[in-house]
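Presented below is the structure to which this report refers.
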There are 4 protein chains.
Amino acid sequence: MIEEKIISHPEARRNRRVQRQRRAIMDAAADLFARSGYQGTSIKNIAEAVDLGESTLYGYFPGKQEILMAILTQQVELVDSSLVHLNDLKDRPSFVNLIDVIMEKIISNLVYNRVMFAEAWLNDEVLKVFVITRWLPVMDILQNFIYEKTSAGVFRPIDPKLAARMIIATFIGALLPVLRGIELPPSPEQRHILSESIVELLFEGLAARKG
Amino acid sequence: MIEEKIISHPEARRNRRVQRQRRAIMDAAADLFARSGYQGTSIKNIAEAVDLGESTLYGYFPGKQEILMAILTQQVELVDSSLVHLNDLKDRPSFVNLIDVIMEKIISNLVYNRVMFAEAWLNDEVLKVFVITRWLPVMDILQNFIYEKTSAGVFRPIDPKLAARMIIATFIGALLPVLRGIELPPSPEQRHILSESIVELLFEGLAARKG
Amino acid sequence: MIEEKIISHPEARRNRRVQRQRRAIMDAAADLFARSGYQGTSIKNIAEAVDLGESTLYGYFPGKQEILMAILTQQVELVDSSLVHLNDLKDRPSFVNLIDVIMEKIISNLVYNRVMFAEAWLNDEVLKVFVITRWLPVMDILQNFIYEKTSAGVFRPIDPKLAARMIIATFIGALLPVLRGIELPPSPEQRHILSESIVELLFEGLAARKG
Amino acid sequence: MIEEKIISHPEARRNRRVQRQRRAIMDAAADLFARSGYQGTSIKNIAEAVDLGESTLYGYFPGKQEILMAILTQQVELVDSSLVHLNDLKDRPSFVNLIDVIMEKIISNLVYNRVMFAEAWLNDEVLKVFVITRWLPVMDILQNFIYEKTSAGVFRPIDPKLAARMIIATFIGALLPVLRGIELPPSPEQRHILSESIVELLFEGLAARKG
DNA sequence: CATGAATGAGCGTTCATTCAT
DNA sequence: AATGAATGAACGCTCATTCAT
């Protein structure tokens, strides 16, 4: 009944249509930004991709810049929501799970993340707001985790900062080819195996255990 | 004799001056490309940076695109020359050394590599010619190295492809902040320590070895 | 009875509402035209000022141009109605009164007149229809008045055309700062004094009378 | 010899060509601004009028706004230079002469002044910088002149401020039709007669002197 | 009656490139 | 060899207007 109401209320209907259009524009723009970069994509390109007149876009976004910002913001919020799992980071299985969850979030918005990466590479503001501030807490939690494990004798004595950085490095490096589009995104099963492998390599290293 | 030739032969002198100018243009352009991207840099920007008229640039390069290509090519040749060390990859010290050498090459041409990264992120042709084809042999040699060590029981049984990929991932991930310019390039000493740490983590992992 | 008609007849009620809206639009538009010019004012600006949707305006006027024309026409009719006093122009007091009345008409529609002035400055058609044709009879009557006074020896021998022109010049010059908005419109008292002063200066001149 | 040098010096020659082009653009732009207003004139219009590509204009002016400013500034400087005569204002002949000189300056740059008038009508900044600040000293000198003559009994007792204002009003009113383009500019002879007439009317008034 | 959505035309401006000198 | 001048094409964006609802 409530649903019916929502569906029929004209204001709400209009709102949903606007949101749908905005989303269509963002998707088309993200795709083009990902392939040609922000600067290499014109409003005309985007308009053609969503099959609208150029000037129509301006009814949904105040300008090209804002389309980009909407794309970045939307994606950041998505990933943010998955970072609550961070606090569950207690042992190896939870570690695997964390990597798996974040990977899933990034992969399911591959294009948006490709755009963010490209933009953060050039634009300091984007780097700061959309990347650094988001990943700093992750770094902190990782460092704490490593510090505790090291103190407890579970991990070898190791510089927590360096180790945390290299964990993230491994993670990013593993995703890069997928983000770049030269490799197909892994299926959920492949992804889980990958997460396991990353953690195993990180924990155990390459070298065979003696004895 | 060689000197005389170089100094006196007018053709050679002219050639050297041209090369010097080309190089100056490439340096200025690379710096701008690194900060603002290829598309975000105009011929005018470059011309001002080298203190030449815009149209003068066209005496040295047929167009903007070719300046970029010259930058990428030049850098690739530099790194190529350091990949001959690859064949020395035999044991852990040589591994550390290899990483150190490649890092050094990349860091000493930070700007050029930042440009290459940005461009490869968008341009498939650049990715293929300047990145993939260059790193494929590295992958091969790494995989072989790991396969041999695994066979010899020095390394744990592990998928060589996955392991090779993660080694490179770690390497790239570690360099990314420096390339991006949010971290100062390490001094030679720091770089050596970093190389050691990477290798140690890769070989030994995080987990403490059981007594 | 009239009231009943007005109140009850639906067609009339509708008509009155339409007229009220048209007038509201014209007022808002005139204000904006006066401050930003016709070209510098957009339909969107006007719509916002009357708190209507842009497309709604087109229910009241066929286009932007017609809003301007309605503004000009309306104002001209107002001033026209005050020019009947012209025929009363007989002596100095009636002269003062005439100037006072016209001033009052213009000042009480300051904004509209500012628009007319701006538009007539650029648009020949507007100049002709809304300014010249309206002021030509005034010129005629003034010339006749001066001619008669000159013939009667009341005025010095003077070219009536030149004198008439300068009377109007004085008048316009005195109003200009008010129209432009850099001076507050005079109160009725101030206006009357100003009218007197203009006439006195015109009649008596600056120079002291001998003897 | 120096002249020859100046003529042949390539830098100077280039400079003169640039100035000539700038002037041609300003003239064409002023003409269009005068007829269609600043907002009603497009860069394309101006470019066509000087028979250049649109983008070529940007080699001479940073933008449309700057073309307008150059026009206004140039004209203001011209008139400024003639205001030095103000200090000679001592008696009636010098008064006539002053009006004649200023008129001449304005008429010889009719189009530029028409533009200034139109722009000052809408733009407060233009009004302030290019009109008010220029004419304030004139007002002062006029007021002083009138005050002195009044004190000396040469002029009737009269409010100097009001009188000064009306003198300028008469002056502006007389020029308006010429500026607007509905009247041909007077020949030097006509102009001189007009100046005389204005002054005579101002000094003597319309009314016949008794006795 | 009111309006949100849509758009073609046009705007001021930038830019990679050409060319005469 | 170097460059100022010139430009067509394209860009991001605004606007008056139309139309379906």
Side-chain angles (χ1 to χ4, degrees), chain A residues 10-11 13-15 17-18 21 38-47 50-68, chain B residues 14 17-18 21 38-47 50-68, chain C residues 14 17-18 21 38-47 50-67, chain D residues 10-11 13-15 17-18 20-21 38-47 50-68:
Chain A
E11 171 110 13
R13 187 158 61 221
R14 182 188 154 276
N15 220 294
R17 202 168 20 141
V18 166
Q21 274 283 45
Y38 173 74
Q39 305 233 41
T41 303
S42 73
I43 286 285
K44 198 183 173 205
N45 296 150
I46 302 173
V50 280
D51 202 32
L52 285 174
E54 293 181 50
S55 49
T56 308
L57 296 197
Y58 289 87
Y60 296 95
F61 291 95
K64 192 186 168 189
Q65 184 74 34
E66 281 79 7
I67 300 179
L68 174 64
Chain B
R14 184 189 152 279
R17 208 184 22 192
V18 166
Q21 274 284 45
Y38 173 74
Q39 306 240 32
T41 303
S42 72
I43 287 283
K44 198 183 173 199
N45 295 151
I46 302 171
V50 280
D51 203 32
L52 284 175
E54 296 177 51
S55 47
T56 309
L57 297 198
Y58 288 85
Y60 295 95
F61 293 95
K64 194 184 166 191
Q65 184 72 36
E66 282 78 8
I67 300 180
L68 173 64
Chain C
R14 182 188 154 281
R17 210 185 22 192
V18 166
Q21 273 284 46
Y38 172 73
Q39 306 240 32
T41 303
S42 70
I43 287 283
K44 198 183 173 200
N45 295 150
I46 302 172
V50 280
D51 202 31
L52 284 175
E54 294 177 53
S55 46
T56 308
L57 297 197
Y58 288 85
Y60 296 94
F61 293 95
K64 193 184 165 190
Q65 184 70 36
E66 282 79 8
I67 301 179
Chain D
E11 171 111 14
R13 188 159 60 222
R14 182 189 154 277
N15 220 294
R17 201 167 22 139
V18 166
R20 216 182 310 128
Q21 273 283 44
Y38 174 73
Q39 306 234 39
T41 303
S42 72
I43 287 285
K44 198 182 175 207
N45 296 151
I46 302 172
V50 279
D51 202 31
L52 285 174
E54 293 179 50
S55 50
T56 308
L57 295 198
Y58 289 86
Y60 296 94
F61 292 95
K64 192 186 169 191
Q65 184 72 35
E66 282 78 8
I67 300 180
L68 174 64

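All chains are named by letter (A, B, ...) in the order of the sequence lines, taking the proteins before the strands, and each is independently numbered beginning at 1. All heavy atoms count here, side chains included; hydrogens, waters and symmetry mates do not.
- Ranked by how close their nearest DNA chain F nucleotide is to the 5' end, B:R17 and C:N45 are led by B:R17.
- Residue A:T56 has no polar side-chain atom (N or O) positioned under 4.0 Å from OP1 or OP2 of E:dA5.
- Residue A:E54 contributes atom CD, which lies 17 Å from atom C1' of E:dA5 at whole-angstrom precision.
- E:dT18 and F:dA5 make up a base pair, with Watson-Crick or G-U wobble contacts both under 3.5 Å.
- Taking 4.5 Å as the limit, every side-chain heavy atom of D:T56 sits out of range of all side-chain heavy atoms of D:Q21.
- In this entry the distance linking CD of D:Q65 with P of E:dT13 reads 9 Å, nearest Å.
- A donor and an acceptor atom never sit less than 3.5 Å apart when one is taken from the side chain of A:S42 and the other from the base of F:dG12.
- B:Y58 places its OH atom 17 Å from the P atom of F:dA5, with the value rounded to the nearest Å.
- Remark: P of E:dT14 and NZ of A:K44 are 21 Å apart, rounded to the nearest angstrom.
- Each of D:I43 and C:G59 was matched to the nucleotide of DNA chain E holding its nearest heavy atom; the match closer to the 5' end belongs to C:G59.
- Checking F:dA6, E:dT7, E:dA5 against every side-chain atom of A:V18, the shortest atom distance belongs to E:dA5.
- One can place NZ of C:K64 at 15 Å from P of F:dT18, the figure rounded to the nearest angstrom.
- Residue contacts for C:Y60: at a heavy-atom cut-off of 4.0 Å it reaches the sugar-phosphate backbone alone, with no base atom in range.
- Residues A:Y38 and C:G40 each lie close to DNA chain F; by heavy-atom proximity, the contact nearer the 5' end of the strand is made by A:Y38.
- One atom, CG of B:L57, and another, P of F:dG4, lie 12 Å apart when rounded to the nearest Å.
- How far CG of C:L57 is from CD1 of C:I46: 6.5 Å, rounded to the nearest 0.5 Å.
- Between D:E54 atom CD and D:N45 atom CG the span is 9.0 Å, to the nearest 0.5 Å.
- Taking atom CD of B:Q39 as the reference point, atom P of E:dT14 lies 18 Å away to the nearest angstrom.
- We find that CD1 of A:I46 is positioned 10 Å from P of F:dC13, with the value rounded to whole Å.
- Residues A:T41 and A:K64 share a closest heavy-atom pair of O-NZ, 2.8 Å.
- Between the side chains of B:Q39 and A:Y38, no donor N or O sits under 3.5 Å from an acceptor N or O.
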